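What follows is one structure encoded as structure tokens, with my remarks underneath.
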Amino acid sequence: MRKYVIHGGRPLYGRVDISGAKNAAVGILPAALMVEGACRIENIPAISDVDLLLNIMQDLGAHVRTVNRTTMDIDCTHILNQQIPYEQGRKIRASYYLIGALLGRYGWAEVPLPGGCDLGGRPIDLHEKGLTALGAQVEVHSGYVYARAPEGKLHGAHIYLDIASVGATINIMLAATLAQGMTVIENAAKEPHIVDVANFLNSMGADITGAGTDVIKIRGVKRLRGGEYSIIPDQIEAGTYMACVAACGGEVRICNVIPKHMECITAKLQEMGVEVEEDGDTLIVRRNGPLQRTNIKTMPYPGFPTDMQPQIAAVLSTAKGTSVLTEGVWGNRYRYVEEFRRLGASIQVEGKIAVIEGVEKLIGAPMEACDLRAGAAMVIAGLAAEGTSEVSNIKHIERGYENLIGKLNGIGADICTVEVPDEETTSVRNVG
Ligand code: EPZ
């Protein structure tokens with residue numbers, strides 16, 4: 001087991017380069033399974049969720065060649081199997097995209113029910129409904145999703161999503177790409193990674209219009225061929241570094257971002273007294289004065305992202321006054337609050353609402369990451385706190401942040417990874 005040790009209280013200065021978007025990469029890699037021919041994919045983030053998916057794909061018969069640190073050639077022309085081993089598939093949320101991709105190309109898929117962060121209930125009923133509308137028979141039992149197109153091929157359909165689900169939108173889009181006829185998804189999710197997956201598919205020969213709006217039209221094509229594609233920068237990774245600067249003070253150039261994707265986060269940080277200046281694909285984030293309180297409700301894009309909710313709570317913990325956070329997407333995304341309290345944060349949670357009374361300062365303490373973004377938020381709180389903090393269970397954080405330690409130390413933080421004997425890991429959790 002490993003943990004992070006953070007000596008906090010240092011302002012941050014310098015530049016940080018943002019990696020490719022995790023939630024786009026985990027849609028695009030399964031999409032490559034549908035392509036006959038080699039795809040060159042650039043700007044792939046080096047994170048454990050990507051490694052897990054690549055391992056699964058290689059076991060299915062994909063040829064993966066590393067071109068350089070962020071670029072890979074992936075050839076899925078000869079896929080030998082459509083069944084994902086249980087232990088591999090359940091480790092990652094995005095394994096559900098393997099259903100749409102394999103079902104769309106081969107007419108069947110057997111994929112374990114997905115794992116990933118525990119954020120309250122994470123049903124996949126909308127995925128099932130969408131795939132069923134495309135003509136698939138979908139059964140869920142024994143920990144698996146079994147999906148089959150009775151005649152080997154799916155057909156286009158008109159699908160209305162009750163909730164603008166990111167996962168269901170991408171999964172239906174994947175399955176419909178090689179279906180016969182036209183599919184229309186209404187109330188589709190609009191997140192930047194939806195557009196990125198659609199752009200990837202189109203650059204391989206798909207016919208998808210409207211991604212990024214709430215109506216996506218997919219005209220089925222016979223096959224996808226190889227091509228080249230570069231994944232967009234990670235909105236949430238960029239937002240996390242913006243939150244680091246907001247919490248610690250200083251001035252950092254956050255490079256390789258799409259400023260438009262960042263507006264929902266930028267606007268809130270500005271309300272809190274953080275300066276954000278745009279310079280091409282760079283955001284210059286500066287904070288010298290005190291942080292001001294604000295209220296935030298998380299919403300689907302272009303609203304404030306739920307995947308930034310814990311990080312912004314870390315920032316608001318030392319803002320002047322009382323802030324109200326409302327979680328508008330997930331049932332339970334406040335599991336980090338108990339850990340923040342160890343640092344002296346004052347947060348009360350009632351259902352989907354958290355009331356944060358800003359305290360003058362946080363004091364370092366041990367914390368245990370309970371999911372990816374909560375873990376990132378604990379790192380931010382530790383960086384802002386006086387003294388030494390520790391964050392254990394860092395496997396959650398490594399699922400989604402490339403080289404977090406290197407990037408933070410590069411802007412003046414003092415954070416390192418240490419090995420922990422197993423007994424110590426359990427005792428940290430039991431403190432208090
Ligand atoms: C994606 O999860 C992201 N994961 C999540 O990011 C992100 O929090 C979420 O979208 C919302 O933006 C990936 O892209 C791999 P949803 P997803 O389907 O697709 C309900 C991170 O930290 N719902 O948009 O699973 C659901 O319960 C992760 O990077 C149903 O009811 O989210 C939730 O309340 C965590 N039935 C809402 O919709 C369904 O069939 C939105 O979920 C599907 C979803």
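Just so you know, these numbers use all the heavy atoms, side chains as well, and skip hydrogens, waters and symmetry mates. Numbers here are sequence positions counted from 1. Indexing begins at 1, ligand by ligand and atom by atom, following the structure's order. Remember, it's a predicted structure, so these values are computed and weren't measured experimentally.
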Taking distance alone, with N or O pairs closer than 3.5 Å, would you say [X] contacts ligand 1?
X: Gly167; result: yes
X: Pro123; result: yes
X: His193; result: no

Given Asn23, Ile194, Asp307, Ile163, which has its nearest heavy atom closest to atom 20 (C) of ligand 1? Ile163
A student comparing Asp125, Ile124, Asp49 should find that the heavy atom closest to atom 36 (N) of ligand 1 comes from Asp125
Of the backbone atoms (N, CA, C, O) and the side-chain heavy atoms from C-beta on, which set of [X] has a member under 4.0 Å from an atom of ligand 1: side chain, backbone, both, or neither?
X: Val166; answer: both
X: Glu128; answer: neither
X: Leu126; answer: both
X: Glu237; answer: neither

A side-chain contact here means heavy atoms from C-beta on lying under 4.5 Å apart; do Met299 and Val329 qualify? no
Indicate whether the side chain of [X] and that of [Y] have a donor and an acceptor atom separated by less than 3.5 Å.
X: Tyr336; Y: Glu368; answer: no
X: Gln311; Y: Thr240; answer: yes
X: Tyr229; Y: Asp196; answer: yes
X: Ser346; Y: Glu357; answer: no
X: Thr71; Y: Glu42; answer: no

With heavy-atom distances below 4.0 Å as the criterion, list the atoms of ligand 1 near [X].
X: Arg93; result: 25 (O)
X: Arg333; result: 8 (O), 22 (O), 35 (C)
X: His127; result: 40 (O)
X: Val329; result: 33 (C), 34 (O), 41 (C)
X: Lys22; result: 21 (C), 29 (O)
X: Thr306; result: 8 (O), 11 (C), 12 (O)

More than 12 heavy atoms of other groups within 6.0 Å of Lys352 NZ: yes
Is it true that atom CZ of Arg341 has more than 12 heavy atoms of other residues, nucleotides or ligands lying nearer than 6.0 Å? yes
Any chance you could measure Met308, atom CE, to Arg373, atom CZ, to the nearest 0.5 Å? 9.0 Å
How long is the span from the CD atom in Glu390 to the CZ atom in Arg342, to the nearest 0.5 Å? 11.0 Å
Is it true that [X] lies under 4.0 Å from ligand 1, counting heavy atoms only?
X: Ala168; result: no
X: His396; result: no
X: Tyr96; result: yes

Looking only at heavy atoms, the pair that brings Phe304 and Cys264 closest together is CD1-O, 3.5 Å
